Amino acid sequence: MTAAQRLHGLDFLRASMMLLGIVLHGAQMYMTMHLGFDYYKDPQLSPVMDGILIVINTFRMPVFFFISGFFSAMLYERYSLPGLLRNRYRRIVLPFIVMLPPLALLLSLQWISSSQLMATGSIGLDTRYVSRPDLLYNNTHHLWFLYYLVYILVAWAALLWLWERVPGALRNALTGWYAQFAVRTSLVLVLLGVLSAWLAVDTYAGRLNGGILFQPYWPAVSFFGLCFVAGWGLWHRREALPRLELRCWRNLLAATVFLAVGLVAFFAQGQYESETWFPWHPLLAVANGLSVAFFVAGFTGLFSRYFSGYNPWVRYLSDSAYWVYILHQSALLFFAVPLYHWGAPAELKFLLVCIGATALCLASYDLLVRNSWLGAFLGGRRYPRGLPRRASS
């Protein structure tokens, strides 16, 4: 595999993690758990939605940051540090700066109206019903992952800058030593899992998630940075990809088993410093960490194995994922809020809302974005509307 080849499978994996935001945030509106902040909570709730959110939250962002590290290493190899920074500025920093203000305005209006609906049964724009008024301005919304990625890239770029100034003989010696070092995939996965557990052991849930505030949650930044570095390392060990492909189902099975162990430990741990806290809570953190590591390996191998060839649908969804992710939360609210008084089961509402939001996001992408300046701004170039007719770089 050379740096010039387009890795359709891993590109689609990155896109799929973004597209899963529709399912994740759709389920969040109908789950029984309380996360501390919701744009909208439907009267019809279901523990099935809790399960969907727990499973997707386990792997979605770790996989995304892992693949981001992989492709960032590819860009660094192709274009060196200045080229990497220019690309990431255009694809991450500028979209965050430009897209957040209109998105925040739209979501804030929807949040205010849905808050009044949940409190009074009717839609309005009375801010007295908003539970966290500070989040009307101190909020990166679902673009928080771009915000965190900027911090990670800045820190990693500083380390690369220092690395490039290491004396050439020493750098060559270290590079040669690394090239000769036989990396065992299973050992790397266990190490990644243990480090993830160490970062998350102080949290009650035994896992780390990002925060929407402009003040970063630094343990989560460190956790996702670890995933980023692991992905960077895979680029330099691309010969491991065939092994990940061969073992993808085995790794996904292991991830599922560790996730199940973590769930048992979570319900058995009790409260802080209770008699059952130890050893259940440490087991929870380790099981969650290993689950993350094996999910990352499993999905990387799965998508590399089954989506490596060019497919127009795969390419189209990969192209559309950025826009779909930006719009999806507002699209979900657009369909969910009018169904507030409908007494249908939560599962049916969830299904209809997700289908509607997906259709709206993809239609708006094809009609308004794909062949426009906005498509070029988000994706680097304009594409003709509709499915691509041939493979392109």
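No experiment lies behind these values; they were computed from the predicted model shown.
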Check: [Y] main-chain N/O paired with [X] side-chain donor or acceptor under 3.5 Å:
X	Y	answer
H328	G26	no
R14	L10	no
S72	G69	no
K349	Q44	no
H281	V201	yes
D50	M33	yes
Y76	A157	no
R91	L378	yes
Q110	S330	yes
D366	G386	yes

Around atom [atom1] of [X], are there more than 12 heavy atoms of other residues, nucleotides or ligands at under 6.0 Å?
X	atom1	result
F334	CZ	no
E239	CD	yes
R165	CZ	yes
W198	CH2	no
Y79	OH	no

Taking the inter-plane angle between the rings of [X] and [Y] on a 0 to 90° scale, is it parallel (under 30°), tilted (30 to 60°) or perpendicular (over 60°)?
X	Y	value
W156	W232	perpendicular
F59	F299	tilted
Y147	F214	perpendicular
Y310	H8	perpendicular
F303	F12	tilted

If two hydrophobic side chains count as joined below 4.5 Å and joins carry through other members, does [X] share a cluster with [Y]?
X	Y	result
F66	V190	no
L106	Y137	no
F266	V257	no
L135	V130	yes
Y39	L105	yes

State, to 0.1 Å, how close [X] and [Y] come at their nearest heavy-atom pair, and which atoms those are.
X	Y	value
Q269	Y204	NE2-O, 3.1 Å
A119	Y129	CB-CD2, 3.4 Å
A346	S46	CB-CB, 3.8 Å
C248	G301	CB-C, 3.7 Å
I123	S113	CG2-CB, 3.7 Å
V166	R171	O-NH1, 2.7 Å

- [ ] Begin from the C-alpha positions of F294 and L253 and carry the test side-chain contact (heavy atoms from CB on, under 4.5 Å) through to its verdict.
- [x] CA-CA 9 Å; F294 280 91; L253 176 60; over 6 Å; no
Interatomic distance, [X] atom [atom1] to [Y] atom [atom2] [nearest 0.5 angstrom]:
X	Y	atom1	atom2	answer
M118	S131	CE	OG	7.5 Å
D42	W342	CG	CH2	10.5 Å
L246	R305	CG	CZ	6.5 Å
T140	L100	OG1	CG	7.0 Å
I54	L259	CD1	CG	8.0 Å
I326	M99	CD1	CE	4.5 Å

Min side-chain heavy-atom separation [X]-[Y] under 4.5 Å:
X	Y	result
Y365	C361	no
L374	L368	no
L107	N139	no
L367	R385	yes
F295	F258	no
L159	W163	no
R315	L387	no
S68	L149	yes

Task: Cation over ring face, R238 and W235, 6.0 Å, 45° - done: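 Yes.
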- [ ] Report the C-alpha separation of R370 and Y316 in whole Å, then their side-chain angles, then the decisive distance to 0.1 Å, and conclude whether the side-chain contact (heavy atoms from CB on, under 4.5 Å) test is met.
- [x] CA-CA 10 Å; R370 184 167 174 81; Y316 185 87; 3.7 Å; yes
- [ ] Test D319 against Y383 for side-chain contact (heavy atoms from CB on, under 4.5 Å), laying out the working first.
- [x] CA-CA 9 Å; D319 293 339; Y383 294 100; 4.1 Å; yes
Task: Y217 ring center within less than 6.0 Å of W144 ring center - done: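 Not close enough - the centres of the two rings lie 6.0 Å or further apart.
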Open item on the list: Please report whether the ring centroid of Y325 lies less than 6.0 Å from that of F145.
Closed with: yes
Task: Criterion side-chain contact (heavy atoms from CB on, under 4.5 Å) on L136 and I112, from CA distance to verdict - done: CA-CA 9 Å; L136 291 172; I112 294 169; 4.1 Å; yes
Open item on the list: Between R243 and E245 (salt bridge meaning N to carboxylate O under 4.0 Å), is one present in this structure?
Closed with: no
